[in-house]
Amino acid sequence: MKVASWNVNSLKVRLPQVLEWLQEQSPDVLCLQETKLVDEKFPVAELAAAGYHALYHGQPTYNGVAILSRMDPENPRCDWPDGGDGQARLCAATFAGIRVVNVYVPNGQSLESDKYSYKLQWLERLQGLIASELAQWPQLLLVGDFNIAPDDRDVFDPVAWGEDVLCSPPERAALTALLDLGLQDSWRQRHGNLQEWSWWDYRAAGFRRNRGLRIDLILASVALLPKIQDVVIDRNARGAERPSDHAPVFIELQEER
DNA sequence: ATGGCGAAGGGTCTTCGA
């Protein structure tokens, strides 16, 4: 099974690229972040024509997440048990017994911002949600745009970036707390000390100069670790005409037999 | 050289992203 994650920075703009990528890579599941679409405008028909079901959870202008899948999504859920806070940043479903939780973690803006404390609160709530999901589905993938570079190997210039937002100790501790539930950063696990990025700033020729961060992650529960065949960041998509600033990331799992 | 791009909504600019 192939499960992918991609922050598309507006599905309205990026739909042609998404359809092309689905055709080219044929993932079983593609989790999207920053769709920036209200549900009424989600391109259900175009994706169905490409052979994909869609579970989507949007809002006007900001955020928005979706899960596209070959299989019908089982036990779908969007947002929190209490109904959330109006920010469409989470959806989940089960495919062939594997729970896929798709998140768009708040950016945080700066350490002084209210958005930063919201980010830390959001991550703490996510920890509770993942604990309960794991209890029900030991085979779990937590994927998405985490807006956290796990450590300095995931930053093009860690000295310049320092402990600023995306790299601050409290954010990294929140990520560690998630991992401590029984998850691993699958790309890092597979690739040792390799340095690749999943996001490059639109400004300052970030992609051309390969100045980026690895903030789009696929966390796999320990029950899935023996099944991992490969984990890939597809930087080709970032070089497209009118690209998202994020590249797709995907994991390939050995099929049950 | 600390700003540079891109998207959205609304409207010729502001806010946000990371």
Side-chain angles (χ1 to χ4, degrees), chain A residues 5-18 31-43 56-66 85-90 102-123 126 143-172 174-175 185 187 195-218 233 235 237-249:
Chain A
S5 172
W6 194 3
N7 180 325
V8 290
N9 186 18
S10 167
L11 185 56
K12 182 183 171 190
V13 172
R14 230 67 69 192
L15 181 60
Q17 291 186 33
V18 169
C31 297
L32 302 176
Q33 304 88 37
E34 286 208 89
T35 55
K36 298 185 178 179
L37 287 177
V38 293
D39 290 346
E40 295 72 34
K41 292 192 176 167
F42 200 85
Y56 47 93
H57 178 43
Q59 67 179 86
T61 313
Y62 300 115
N63 310 322
V65 285
D85 53 16
Q87 298 203 15
R89 295 179 176 275
L90 185 146
N102 175 26
V103 293
Y104 174 47
V105 175
N107 170 282
Q109 200 169 54
S110 70
L111 302 193
E112 302 76 30
S113 171
D114 290 344
K115 296 190 177 74
Y116 179 77
S117 45
Y118 174 75
K119 179 181 194 173
L120 294 178
Q121 286 164 19
W122 198 93
L123 286 164
L126 180 63
V143 317
D145 177 357
F146 283 74
N147 272 315
I148 301 170
D151 65 53
D152 284 352
R153 292 172 295 179
D154 303 305
V155 181
F156 70 96
D157 187 348
V159 175
W161 204 283
E163 296 187 345
D164 208 348
V165 72
L166 282 65
C167 294
S168 72
E171 292 167 83
R172 287 177 167 170
L175 180 59
D185 176 354
W187 190 91
Q195 291 191 282
E196 288 183 8
W197 323 127
S198 68
W199 169 86
W200 298 260
D201 203 319
Y202 283 124
R203 296 165 293 186
F207 185 65
R208 184 174 58 72
R209 297 198 284 164
N210 199 27
R211 296 163 65 89
L213 306 172
R214 190 176 68 91
I215 54 178
D216 298 272
L217 309 177
I218 297 179
I233 301 173
R235 79 193 299 284
R238 180 59 175 81
E241 186 88 5
R242 217 178 173 193
S244 167
D245 44 357
H246 296 253
V249 184

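Within every chain, numbering begins at 1; the chains are lettered A, B, ... in the order of the sequence lines, protein sequences first and strands thereafter. Here the structure is a predicted model, which is why all the values come from computation and not from measurement.
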May I have the distance from [X] (atom [atom1]) to [N] (atom [atom2]), rounded to whole angstrom?
X: A/Phe207; N: B/dA18; atom1: CZ; atom2: P; answer: 17 Å
X: A/Arg208; N: B/dG4; atom1: CZ; atom2: C1'; answer: 12 Å
X: A/Phe146; N: B/dG17; atom1: CZ; atom2: C1'; answer: 18 Å
X: A/Gln109; N: B/dT14; atom1: CD; atom2: P; answer: 16 Å
X: A/Asp114; N: B/dT15; atom1: CG; atom2: C1'; answer: 15 Å
X: A/Lys36; N: B/dG6; atom1: NZ; atom2: P; answer: 13 Å
X: A/Asp201; N: B/dG17; atom1: CG; atom2: P; answer: 14 Å
X: A/Asn9; N: B/dC16; atom1: CG; atom2: P; answer: 15 Å

- What residues form a ring-ring contact (aromatic ring centres under 6.0 Å, His included) with A/Phe156, not counting sequence neighbours? none
Closest listed nucleotide, where the reference is the side chain of [X] and the choices are [options]:
X: A/Glu34; options: B/dG9, B/dG17, B/dC16; answer: B/dG17
X: A/Ala204; options: B/dA18, B/dA8, B/dG4; answer: B/dG4
X: A/Leu166; options: B/dA18, B/dA8, B/dG17; answer: B/dA18

- Query: Quick one: are A/Glu171 and A/Leu111 in side-chain contact, heavy atoms under 4.5 Å?
  - Reply: yes
Considering only atom [atom1], compute the distance from [N] to [M] and round it to an integer number of Å.
N: B/dA8; M: B/dT12; atom1: C1'; value: 15 Å
N: B/dG10; M: B/dG6; atom1: P; value: 23 Å
N: B/dG17; M: B/dG4; atom1: C1'; value: 15 Å
N: B/dG3; M: B/dA18; atom1: C1'; value: 15 Å

- Message: Need to verify one output field. Residue with the more 5' nearest nucleotide on DNA chain B, A/Tyr202 or A/Pro60?
- Response: A/Tyr202
- Task: Using the closest heavy atom to pick a nucleotide of DNA chain B for each, name whichever of A/Trp161 or A/Arg242 lands nearer the 5' end.
- Result: A/Arg242
- Task: Using the side-chain contact (heavy atoms from CB on, under 4.5 Å) rule, pick out the option among A/Val249, A/Asp185, A/Val155 that qualifies with A/Arg214.
- Result: A/Asp185
Regarding [X], tell me which of base, sugar-phosphate or nothing describes its non-hydrogen contacts under 4.0 Å with the strands shown.
X: A/Asp145; answer: sugar-phosphate
X: A/Asp216; answer: nothing
X: A/Arg14; answer: sugar-phosphate

- Derivation of the side-chain contact (heavy atoms from CB on, under 4.5 Å) call for A/Asp157 and A/Val159: CA-CA 6 Å; A/Asp157 187 348; A/Val159 175; 3.9 Å; yes
Any side-chain N or O of [X] below 4.0 angstrom from OP1/OP2 of [N]?
X: A/His246; N: B/dG17; value: no
X: A/Arg203; N: B/dA18; value: no
X: A/Lys115; N: B/dC16; value: yes
X: A/Ser10; N: B/dA8; value: yes
X: A/Tyr104; N: B/dA18; value: yes

- Task: Report yes or no: do A/Glu34 and A/Asn7 form a side-chain donor-acceptor pair below 3.5 Å?
- Result: yes
- Message: Any carboxylate oxygen within less than 4.0 angstrom of a Lys/Arg side-chain nitrogen, looking at A/Arg172 and A/Asp154?
- Response: no
